[in-house]
Every structure is written in C-alpha cells, then in structure tokens.
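Here the structure comes first, spelled out in structure tokens, and everything after it is commentary.
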Number of protein chains: 2
Amino acid sequence: MASIKDVAKAAGVSVSTVSRTINDNPFISSATREKVLKAIKELNYSPNRMAQSLSNNNSYTITLIVDIENEKSFYNSFFYEVMHGIEKVVYQKEYCLIVSNLNTVLKNENVLDWLIKGRRTEGVILPSSIIDSKTIKKLKENNIPFVSIGEPENLRETINWVDINNRKAGEQAANYFIDNHRRKIAFIGYDDSKVFNRRRFEGYKLALENNELNYETNLVIKGGNSKNDGFRMMKDLLNEKDLPDSVICADNLMSIGAIRAIQESGLSIPEDISLISFDNSQIAEIMYPTISTINVDVYELGLQSAKLLFELIENPGKREQELLISTNIEERETTEQEHQ
Amino acid sequence: MASIKDVAKAAGVSVSTVSRTINDNPFISSATREKVLKAIKELNYSPNRMAQSLSNNNSYTITLIVDIENEKSFYNSFFYEVMHGIEKVVYQKEYCLIVSNLNTVLKNENVLDWLIKGRRTEGVILPSSIIDSKTIKKLKENNIPFVSIGEPENLRETINWVDINNRKAGEQAANYFIDNHRRKIAFIGYDDSKVFNRRRFEGYKLALENNELNYETNLVIKGGNSKNDGFRMMKDLLNEKDLPDSVICADNLMSIGAIRAIQESGLSIPEDISLISFDNSQIAEIMYPTISTINVDVYELGLQSAKLLFELIENPGKREQELLISTNIEERETTEQEHQ
DNA sequence: TTGTAGGCGTTATCAC
DNA sequence: GTGATAACGCCTACAA
C-alpha cells in the first residue's frame with residue numbers, strides 16, 4: 001500500500017506538499033498540484049484513515065446505540081429505516097457509522113464506555129428508551145455530542161432530541177374523522193407511561209376540543225399494544241350501549257386485534273366503524289383490510305437526528321434543540337374517503 | 001486524556017513497561033505490574049484505539065454491508081436479527097461493527113472501495129444478493145476476508161458463505177405434512193430464479209420421493225412473493241378438480257394471500273387445508289389464524305457468519321467453507337398436531 | 001509556494 | 001525485566 005512518502009517521492013515533492021493537495025490547501029501552485037495528483041493516481045494512493053485519525057485526533061466515526069433486547073426501542077423495520085437515514089448523512093460527511101448494542105459488555109464495561117475511552121466515536125445517537133441521567137452525565141463529561149431518537153421521558157436536563165410530532169399525529173387522526181363526519185371517535189390503547197402515546201392522546205383531545213366535540217371518557221380505553229390487547233379493548237368498546245363510529249389505535253399492533261373484534265361483532269369496516277392506526281409498517285399493507293395509518297417518516301427521523309448530531313459536532317457550544325418530524329395520513333381500506 | 005506517557009511517569013517506569021502490562025506480556029515482574037495497574041486506575045487511562053490501530057496496522061473493525069434499497073436482501077426484522085448475531089461476536093473480539101449501505105457513494109467511489117482504501121476494515125459480511133465477481137475480485141486482491149450471508153447464485157469461484165439449510169427446511173415442511181397423513185401436498189410460489197426458493201423446492205421433492213409419494217406437477221404453482229401472488233396462486237390451486245390437503249408456501253408474504261383465498265372458498269384451515277410457510281417473523285404471529293412456519297434462526301445465521309469471518313482473519317490461508325444453519329418447525333394455527 | 005522536523009499514542013526491536 | 005528509540009502514516013508549525 002502506497003503511503004504519503006511514496007507519493008512524495010514519485011512526484012518529486014515533499015510529504016507536506018502531498019498532504020496539502022490531499023487536504024485542498026489553497027497555498028499550492030497548480031503545477032505541483034497536478035504532479036501530485038498524477039502520482040496519487042498512478043500509485044492508487046489513498047490516505048490511511050487510521051493515521052489521519054491519530055494525527056487529527058478525530059475518529060471520523062459516529063455511533064448508533066441500539067437496545068436490541070428491548071424490541072420496543074428500535075424494533076424491526078422502524079430501526080432499519082432510522083439507520084438508513086442516519087447512514088445517509090454520516091457517510092456524506094465521510095464518517096463511518098458504527099452500530100452497537102447497549103447491552104454488550106466487554107472488559108467489564110459497557111460498549112459506550114469502551115468506545116468513549118478508546119476515542120473511537122465523535123458522537124452518539126441513541127433511543128430515548130435507554131437515556132438516563134447517568135448516561136447523559138457520562139457523555140457530557142467526555143464531551144461527546146449526542147442526540148436522542150424519541151422524546152426523553154422525565155428528564156430534568158435538557159438534551160438534543162428528534163421525534164415524530166406525535167401530538168400533531170394524534171390531532172391529524174382525529175381531524176380526519178371529524179372531517180369525514182364521524183362524531184363518536186374512540187381512542188384505544190391509551191398508556192400514559194409512554195411519552196409518544198401520551199402525546200398522541202393529547203392531540204386527539206385537542207382536535208375534539210377545537211371542534212367543540214364532547215370528550216367522552218368511555219370512548220377512551222387504556223391498554224397495551226399487543227394484538228390481544230387490541231382485541232380486548234375493542235370488545236369492551238363494543239359492549240357499551242352507544243358505539244363509536246371511528247377508532248384511533250394508539251399504536252400499530254393493537255389495530256390487528258381491534259379489527260378482528262369489529263369483524264366478529266358483525267359490524268363492517270369502514271362503514272360502521274372506521275379505524276386509523278400509526279406507523280406505516282409493512283403490516284398495515286398486508287392485512288385484510290389494509291389499515292389506514294398516520295404515516296411516520298422514519299427515514300427522515302434518522303436523517304434529521306444525524307444532521308443535528310453533526311451540527312453539534314461542528315458547533316460545540318450550541319443550544320439544545322428539539323426537532324419534530326411531521327406526519328401525514330395514508331388512507332387504506334379501514335377508512336373511506338367521503339369528504340363532501 | 002491520559003496517555004501511555006502519563007501512566008509511565010506516574011508509575012515511575014518507561015512507556016514500554018506500561019505497554020507490556022496493557023498487552024499482558026509475561027516478561028514483567030508482578031511488582032512493577034501492580035505499580036502500573038495502580039497508575040492506570042488512578043489516571044483512568046485507556047489506550048487510544050486509533051494509535052493502536054496505526055501501530056498494529058489493524059483497524060479492529062468489521063463491516064456489514066447492507067443493500068438497503070433492495071428490501072429483499074436484508075429486510076426488516078431479518079436484517080435486525082442478523083446484525084444482532086454479528087454484533088455479538090464482533091464486540092466479543094473487541095472489534096467494532098460498522099454498517100454501511102452498498103449504494104452509498106462518496107468521493108466518486110462506493111463505500112466498499114472507500115473503506116478498503118482507507119484501511120478501515122479487517123473483514124466484510126455481505127448479503128449474497130450483492131455479490132458479483134467484480135466485488136469478489138476486489139476483496140480478494142486487497143486481502144479482505146469476507147463472508148456471504150446467503151448461498152451465492154451462479155458463482156464459479158468458491159467463497160465462504162453461511163445460509164439457512166433451505167433444502168432441509170423444505171424437506172421438513174413436507175415431512176411434517178406426511179407425518180400428519182396429508183398426501184396431496186402443494187408447493188406454491190416456486191421461483192427457480194432464487195437459490196433459497198429452489199432449495200426449498202428440492203427439499204419438498206426429496207421428501208415426497210423418500211415417502212414414495214407421487215410428485216404432481218399441478219400441485220406446484222410458480223409465482224412471486226406478494227400477498228396478491230399468494231392469493232392468485234391459491235385460487236388457481238382451488239380451481240383444480242382435486243384439491244390439495246396441505247400447502248407449503250415458498251416464502252412468507254405470499255402465505256397471507258393464500259390463507260385469504262382458502263377462507264374465501266369456504267374451506268377451513270387447518271382441517272381442510274393445512275398450511276406452512278417459512279421465516280418466523282412477527283407477521284406469522286399476528287395473523288388470524290397464526291401461521292405455522294419453518295423457523296429460521298436468523299440470529300444464529302448472523303452469529304455464525306461473524307464467527308466464520310474471524311476464523312478467516314485469524315487463519316489466512318483457510319479453505320473456503322459453506323455453513324448451513326438448521327431450522328425447526330413452529331406449529332401455529334394453520335396446522336394441527338395430529339400425530340397418531 | 002515549498003520543505004524540514006516534530007508530534008499524535010502506540011508497539012516492537014534492541015540493548016542493557 | 002526494563003528502558004531507549006525507531007516506526008506506523010499523517011498533519012502542521014516554522015523556516016526558507
């Protein structure tokens with residue numbers, strides 16, 4: 001492998017001159033630049049990133065921490081798309097993206113410590129689910145910029161984070177039904193222990209208020225996000241004396257059980273009951289009927305988080321930011337367009 | 001940040017002595033080792049990986065190449081699990097895992113070239129879908145060990161790969177039905193342009209032959225893997241005069257449409273027609289009915305590929321290997337246990 | 001505009 | 001056992 005010395009020799013210049021052309025230093029004559037460029041090409045030279053790292057004290061690397069054991073934090077296609085967005089900007093900056101599992105332990109310390117102490121990372125992106133004050137303290141003490149994907153829960157300290165605009169998403173779902181002359185809009189799977197869920201619910205309530213609709217507590221069902229939870233919650237709803245004409249599912253998996261419950265009761269979707277869920281995962285498209293969703297642009301979420309991270313890297317003293325990605329509605333078979 | 005010099009000074013020894021203790025060199029007295037260890041602890045010292053990289057000419061990094069644009073290669077949860085397995089091994093070896101998208105282009109070259117030329121990777125794991133002779137040539141010329149995830153298609157050269165034992169999986173599916181006294185076993189979604197699909201079909205045929213069952217061409221339906229493909233293929237099958245009593249779906253998505261077609265025809269699952277698909281994705285569990293599958297241990301696939309890669313790194317001249325991960329059956333609602 | 005030389009933090013080769 | 005010292009490949013004052 002050719003080194004900078006070989007190039008210098010071949011071009012008949014000094015190593016500093018080669019270094020200058022590599023780094024686009026303007027104080028260099030175009031004649032010598034050409035000579036160097038020619039030599040570089042001939043020797044198929046490329047700077048050794050490890051040497052540059054050492055010299056510049058920059059690992060040119062960003063870390064994405066995943067909480068793999070915890071399916072909830074970065075599950076399946078969600079994670080995939082997020083990573084795709086992150087990857088895009090990281091390599092554009094000529095950095096590398098390293099991925100590691102939060103729970104990995106090596107040399108008696110967790111990966112994050114290990115990466116920081118080994119000076120292997122210039123910044124970290126991590127899901128809000130794993131953020132706690134200890135982790136924050138560590139990152140801050142070591143001057144490692146970081147961005148949370150997802151709004152962090154219960155956090156006194158201000159940090160940088162990017163999330164879906166969940167409140168707006170909840171509002172969007174409710175407004176969609178209202179625009180379509182639905183009046184008894186249920187919200188199932190409410191779980192106030194989760195920020196994103198709470199936000200969606202807030203948006204739902206807000207939309208109702210803005211349209212002078214009564215907020216009916218019996219149309220709000222608390223519960224988890226499994227398909228069985230969805231089934232049970234919908235059953236509960238259908239046992240009430242006055243039925244909803246539309247349902248918002250707080251999360252995507254529960255919608256499958258909810259749909260099943262409606263079908264079993266003999267009611268039809270979307271005529272009797274219209275239904276909307278969140279996330280535009282593959283699942284929404286393969287069900288019978290296909291599920292209308294508030295479409296979450298997860299790629300964009302990843303992209304923006306990485307962009308924010310580089311802003312922090314490039315301008316150290318920057319103020320904390322919160323960034324919300326907007327959503328849009330994707331109409332499928334559980335709703336019907338009937339705007340008049 | 002403390003460097004090796006600081007430690008040497010604090011311990012009252014030379015840098016070489018510190019280096020020796022770090023690297024567990026046996027030629028060192030336990031007295032001085034203690035001194036050094038103490039200094040290391042006090043200064044919270046950790047070797048700078050970038051400096052080690054330069055000195056040892058080892059990036060301590062493995063690359064996982066993903067073909068993100070092509071959903072088929074590493075889609076969704078499949079990819080997630082594979083990466084999990086890889087990650088496990090890589091960090092155990094105190095390496096880092098970097099992930100990059102095949103299609104990323106920077107400085108007019110693709111990531112792989114960029115990573116190789118920058119000496120940033122010691123080995124590569126990549127999906128068989130992106131393997132061609134040009135890529136292989138490049139990796140071999142640069143002495144970068146690599147492992148393919150998935151059996152490569154149409155390849156003269158021998159390379160290292162790890163895959164699910166798809167032939168065995170197909171055999172398993174068919175044998176399962178045979179053991180349950182099914183005799184008219186259909187195979188839908190056959191697509192001989194894909195290795196994994198072909199292998200599953202081979203296994204299916206093999207099982208029939210071994211049980212002296214007639215192989216009936218009208219029970220084999222060619223087609224793609226969308227839910228609509230599955231629906232159409234099943235419809236075709238149901239239009240035949242003699243119906244199958246069981247169906248093997250060559251891939252997982254098509255099973256959803258196939259089930260739908262059976263339900264619409266008024267036949268019951270699994271009584272009239274029993275059905276098995278592949279991959280144990282989330283999808284199999286959330287459908288009504290839940291889908292029995294030949295369970296693919298994707299985590300293990302990732303784990304083994306990384307292990308193989310490290311074998312290659314540690315023993316350069318090693319012969320090419322092919323590794324098959326075995327599968328097992330996961331019975332859900334589309335089949336019923338009736339072993340007698 | 002270019003070249004020389006020292007430094008980044010390690011490891012490895014020699015002496016002692 | 002231990003300690004100088006060169007080397008890894010690059011960058012960057014500083015000098016010319």
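To find a chain, count down the sequence lines: A is the first, B the second, and so on, and within it residues start at 1. Computed from a predicted structure; not experimentally measured.
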Solution key, residues 32-40 of chain B side-chain donor-acceptor pairs under 3.5 Å, sequence neighbours excluded:
| residue | atom | partner | partner atom | Å |
| --- | --- | --- | --- | --- |
| B:T32 | OG1 | B:S29 | O | 2.9 |
| B:T32 | OG1 | B:S29 | OG | 2.9 |
| B:R33 | NH2 | B:N25 | O | 3.2 |

*For A:N25 and C:dT1, what is the distance between atoms CG and P respectively, to the nearest whole Å?*
10 Å

*asked:* Mind checking if A:T32 touches a base, just sugar-phosphate, or nothing, with heavy atoms under 4.0 Å?
replied: sugar-phosphate

*Salt bridge flag under 4.0 Å for residues B:E314 and B:K93*: yes

*If a protein heavy atom is under 4.0 Å from the base, mark B; if only from the sugar-phosphate, S; if neither, -; do that for nucleotides 8-16 of chain C going 5' to 3'.*
BBBBBB---

*Considering just the side-chain nitrogens and oxygens of A:T17, establish if one lies under 4.0 Å of OP1 or OP2 belonging to C:dG3.*
yes

*For atom CE of A:M50 and atom P of D:dA7, their distance in whole Å*: 19 Å

*Counting only heavy atoms not in A:K9, do more than 12 sit closer than 6.0 Å to its NZ atom?*
no

*Residues A:T17 and A:S14: side-chain donor-acceptor under 3.5 angstrom*: yes

*Five-pair end axes of the helix from C:dT1-D:dA16 to C:dC16-D:dG1, angle between them (10°)*: 40°

_Any donor-acceptor pair under 3.5 Å from B:T104 side chain to B:N101 backbone_ = yes

*asked:* On the six-membered ring of A:Y60, is A:R49 placed so that its NZ or CZ lies under 6.0 angstrom from the centre and within 45° of the ring axis?
replied: yes

*Whole Å only: how far is the CZ atom of A:R49 from the P atom of D:dC10?*
12 Å

*Does the pair A:K117/A:E109 count as a salt bridge with the N-to-O cut at 4.0 Å?*
yes

*Take the protein atom OH of B:Y60 and the nucleotide atom C1' of D:dC8, then report the distance between them rounded to whole Å.*
13 Å

*Can you name the one residue among A:L308, A:L324, A:V82, A:I149 that meets side chain to side chain contact (heavy atoms under 4.5 Å, CB included) with A:V162?*
A:L308

_5′-ward residue of the pair B:R33/B:N57 relative to DNA chain D_ = B:R33

_What is the distance, to the nearest angstrom, from the CZ atom on A:F27 to the P atom on D:dC11?_
17 Å

_Does either side chain, that of A:R120 or that of A:S53, offer a donor lying less than 3.5 Å from an acceptor on the other one?_
no

*Given atom CG of A:N58 and atom C1' of D:dC11, what is their separation to the nearest angstrom?*
13 Å

